[in-house]
Amino acid sequence: MSETTFSRLSPRLQAAIGTRLKWTSLRPVQEQSGQALLDGENAVILAPTAGGKTEASMFPALSMLLDDPTDAVGVLYVAPIKALLNNQAERLGMYTEMVGLRRFVWHGDAKAGDKKKFTKEPAELLMTTPESLEVMLVSPRFPTPKLFRDLRMVVVDEVHAFAGSDRGAHFMSVLERLVDLTENDVQRVGLSATVGNPEAILTWLQGTSKRKGRVVDPPKPKAARDISVLLRPTVDDIASTAAGLAVTQKSLFFCQSRAMTESVAQRMRGRDVEVYVHHSSVSREEREEAEKKFNHGGNACIACTSTLELGIDVGDLNKVLQANSPSSVSSFLQRMGRTGRRGGNANTTFLVENTDVVLQACGIIELAKKGWVEDVPVGNRCFPVLVHQLLALTLQFGGVTRNIAWTTISRVPDFRGVSREEFDRIVEHMLKEDYLYESSGQLSMGQKSEKVFGRKNFMELYAVFSSPVLYRVVTAAESEIGSLEQGFVDNLVAEMSAFLLGGRAWIVEHINHKERTVRVGPAPRGRKPSWGGFIPQMLSQELCQEMRRILEDEAPLGYLDPDAADALAAYRADLGESLRGANVVTRLDDSKVLVWTFAGGRINHTLKYIFTILGGWKVVADNLNLRIEGDSVSPDSAQEILEQMRSEEFWDDETIWRRVYASLPEYRLSKFQSAMPDEFAQEMVAGYLLDVPGTKAFVMAGRPRPSKLTGGESS
């Protein structure tokens, strides 16, 4: 009979688990993870929220440190946000203390004196963020070679929040630079609750490690889920219903924006429910007060954004409420997973404003029931972070040759699609624009970089991700009424999106990205404003196709309240029969042609630019359809352009694609964008807005269905 994980742990840790924690057994995820990690493998560990992932990684790590002590940092625990570090600090501090080891939490709020003491006497476990690691690497005040000379393992919590993003590219860049300081093949462990492609995440996380890799994904027990979708057409209705559901309960109320969070919280107060607000703009003290209230058993409701979607522990919950709908199955499962820990059913109640959101919520629920979860796209041409790393290397070493910089950067998975010739073009551009300076074969920081990023001892460089760019909101009379963040503006659709600002509803008339202005007019009566920015996001093709399937179907959905059921029935009556007869449905709506694709945001935006170029029309795209208007536009003329797209010659026509790329808006997606050659900046914007391969597949092969209905949690 093979040894159990528990029997393989250090005797001191075994004793502490039994006497201090009073545990009599390990969970399946901890048993399986322990075998992999104690065998020296890299791993991605999947388990629901509060499913024991932290212990699954930390117990083998602590056992290793006990069996083979070190006087430097042996294990690194990395989290995407400081709040998660703070939340885990007490638990990991208890685990280290009970076996005679130490942990230290290093981020921007840590006291300078404590950091100085740590650098002299390092704790075996360091808890930090990628940005703080960057500061330690590039600052001469920190003895990083001493601290990390015996680094053995890195544990990445909420790994899905890193992979496929600029933050993930930055983290992997920093990790590979840390690895240079030790002779160890650093073991890599990722923790996640929901991800559709864990094997790809594992490959990404392994980087240059030569260890074997394993995905640990034990079967999840089937559990009853209580899900309902309630149609509530105003924010007052949403807040009133939420307050009634939250009375004498302990609940989280997830909203899709900070403004919506504030709006519902304000309206819930005074309705016999204690309400807190938790989002990134709320002070740390207020957020911690809300978390403290929950952790100590009080009944209250926290209105929050995705800040409480990650693994921050707020204890046992009675209810999860959702204003409108998240944009992904993964988010839904993360949020619902906050409930059902102590015998009750996991649950989510959707409170939605209109029929489109009823349909979106249904699509997410139905995909979750099938066990489908989104893949996390892992890229290999992350130009903004490549530029950042070039500058960071010059700061870390004072100067660096092109070959050493290329050798360091090319190891990172997120840059492996960049050729040496493209790297050299970026360097030449940065030299020309004075972001870099070259002397005697050594690259150093140019005057422009020092001017742009050198303020406050290069804190602008350490903080890889810019503070939000603001757009002025003005009326036709040039009266300024406020400002919006760029992430909000990027999702606005001219002549379609409406939002609230200054207590009034506005409709978008025009967006000028160069001047960073949004021109608006009063929203027409009856037009529901997108409260606080809940506008159509870039929904996935799989989700939109599931929404289409629901419209084509006639079966009732038992989780809808009567109002939501009536709204869905009306939607089905209007569009369902047409959808059953064609891949793409074109309709005349007054002077506009509606092209219903249900293809998702990025495919529809790709189609938008094609229709604009070939038809000379004005086209507005969202996730489900395109609205086309102009001379000679008709359902037949729109179908003719779709027919042109059904030939290989169309997709090989470089003239068309040059025009498409040239017509893209000048979005500023990164503060390092100006340091790139135009072609790479344009490619980055195109990657954000467009999906050319997906569009070709959609048009050429007809309407695809979600093909991957495995993995993740079932609902």
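Being a predicted model, the structure only gives us computed values, none of them experimental.
In this view, T241 and R232 satisfy the side-chain hydrogen bond (donor to acceptor under 3.5 Å, both in side chains) rule, not counting sequence neighbours. Applying the side-chain hydrogen bond (donor to acceptor under 3.5 Å, both in side chains) test to D236 and every residue at least two apart in sequence or in another chain returns R267. Applying the salt bridge (Lys or Arg N to Asp or Glu O under 4.0 Å) criterion to E374, with sequence neighbours excluded, gives no partner residue. Remark: F350 pairs with F332 by the ring-ring contact (aromatic ring centres under 6.0 Å, His included) rule, at least two apart or across chains. By the side chain to side chain contact (heavy atoms under 4.5 Å, CB included) test, A265 pairs with R269, V275, V277, A303, sequence neighbours left out. In this structure, the ring-ring contact (aromatic ring centres under 6.0 Å, His included) partners of F162, at least two apart in sequence or on a different chain, are F171. Every residue two or more places apart in sequence or in another chain was checked for a side-chain hydrogen bond (donor to acceptor under 3.5 Å, both in side chains) with T517, and none qualifies. Partners of Y609 according to the ring-ring contact (aromatic ring centres under 6.0 Å, His included) rule, which considers only residues two or more places apart in sequence or in another chain, do not exist here. Every residue meeting the salt bridge (Lys or Arg N to Asp or Glu O under 4.0 Å) condition with E509, not counting sequence neighbours, appears here in chain and number order: R519. For the ring-ring contact (aromatic ring centres under 6.0 Å, His included) test, no residue two or more places apart in sequence or in another chain qualifies with W617. Partners of S165 according to the side-chain hydrogen bond (donor to acceptor under 3.5 Å, both in side chains) rule, which considers only residues two or more places apart in sequence or in another chain, do not exist here.
N623 places a side-chain N or O within 3.5 Å of a backbone atom of G601 that can act as its donor or acceptor partner. With hydrogens and angles disregarded, a donor-acceptor distance shorter than 3.5 Å links the side chain of N354 to the backbone of V357. In this structure a side-chain-to-backbone donor-acceptor pair under 3.5 Å is present from Q360 to P326. Within the 3.5 Å criterion, the main-chain N or O of R602 finds no donor-acceptor partner in the side chain of D691. Under the 3.5 Å distance criterion, the side-chain polar atoms of N347 are matched with a main-chain donor or acceptor of V320. Side-chain atoms of D375 do not come within 3.5 Å of backbone N or O of P377 as any donor-acceptor pair. Proximity of a side-chain donor or acceptor of N625 to a complementary backbone N or O of V595 within less than 3.5 Å is not detected. A side-chain donor-acceptor contact under 3.5 Å links N324 to the backbone of E353. Remark: the backbone N or O of A47 is paired with a side-chain donor or acceptor of K53 at under 3.5 angstrom.
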So R548 and E552, salt bridge (Lys or Arg N to Asp or Glu O under 4.0 Å) or not? Walk me through it.
CA-CA 6 Å; R548 173 175 181 149; E552 292 176 354; 2.9 Å; yes
Start with the C-alpha gap between V229 and D561, add the side-chain angles, then the distance that decides, and say whether side-chain contact (heavy atoms from CB on, under 4.5 Å) holds.
CA-CA 6 Å; V229 178; D561 78 340; over 6 Å; no
Between M547 and E366, does a side-chain contact (heavy atoms from CB on, under 4.5 Å) hold up when you go through it step by step?
CA-CA 9 Å; M547 292 162 69; E366 292 300 306; over 6 Å; no
Intermediate values then yes/no, side-chain contact (heavy atoms from CB on, under 4.5 Å), C544 and L624
CA-CA 7 Å; C544 293; L624 307 184; 3.9 Å; yes
List the steps and the verdict of side-chain contact (heavy atoms from CB on, under 4.5 Å) for M645 and L607.
CA-CA 10 Å; M645 292 186 228; L607 292 171; 3.7 Å; yes
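V518 places none of its side-chain heavy atoms less than 4.5 Å from the side chain of H510. Between L359 and Y571 there is a side-chain heavy-atom pair separated by less than 4.5 Å. In this structure, T355 and L568 have side chains that are not in contact, with every pair of non-hydrogen atoms separated by 4.5 Å or more. The closest side-chain heavy-atom distance from T339 to N318 is not below 4.5 Å. Inter-residue side-chain proximity for I507 and V520 is flagged as unmet; no heavy-atom pair is nearer than 4.5 Å. Using a 4.5 Å cut-off on side-chain heavy atoms (C-beta onward), S479 and V474 make no contact. Inter-residue side-chain proximity for K608 and R627 is flagged as unmet; no heavy-atom pair is nearer than 4.5 Å. Side-chain atoms of R167 and P80, non-hydrogen and from C-beta on, do get closer than 4.5 Å to each other.
Note that the NZ atom of K592 and the CD atom of E629 stand 4.5 Å from one another [nearest 0.5 Å]. A distance of 5.5 Å separates CD1 of I641 from CZ of F611, quoted to the nearest 0.5 Å. If you take CG on L351 and SG on C255, they are separated by 9.5 Å, rounding to the nearest 0.5 Å. Here M336 contributes atom CE and L252 contributes atom CG; the two are 14.0 Å apart, rounded to the nearest 0.5 Å. Distance check: L664 CG to L690 CG gives 5.0 Å after rounding to the nearest 0.5 Å. Here the straight-line distance linking atom CD of Q322 with atom CG of L230 works out to 12.0 Å at 0.5 Å rounding.
A donor-acceptor contact closer than 3.5 angstrom is absent between the side chains of S240 and D237. Between the side chains of Y559 and D226, no donor N or O sits under 3.5 Å from an acceptor N or O.
Smallest separation of non-hydrogen atoms from A239 and M268: O-CG, 3.5 Å. Residue V273 comes nearest to C301 through the heavy atom pair CG2-CB, 4.2 Å, listed as atom of the first residue, atom of the second, then distance. Residues T597 and L626 approach most closely at CG2-CD1, 3.9 Å, considering heavy atoms. Across V593 and A638, no two heavy atoms sit closer than the pair CG1-CB, 4.3 Å. In terms of heavy-atom proximity, V585 sits nearest to S578 at CG2-O, 3.6 Å. The nearest pair of heavy atoms linking I364 to S327 is CD1-C, 4.1 Å.
For K696, the NZ atom counts as densely surrounded, since its 6.0 Å shell holds more than 12 non-hydrogen atoms of other residues, nucleotides or ligands.
In summary, of the residues considered (I550, L551, V352), a side chain to side chain contact (heavy atoms under 4.5 Å, CB included) with C362 occurs for I550 alone.
Each salt bridge (charged side-chain N to carboxylate O under 4.0 Å, His left out) pair with one or both residues in residues 563-577, not counting sequence neighbours, appears once here: D574-R587.
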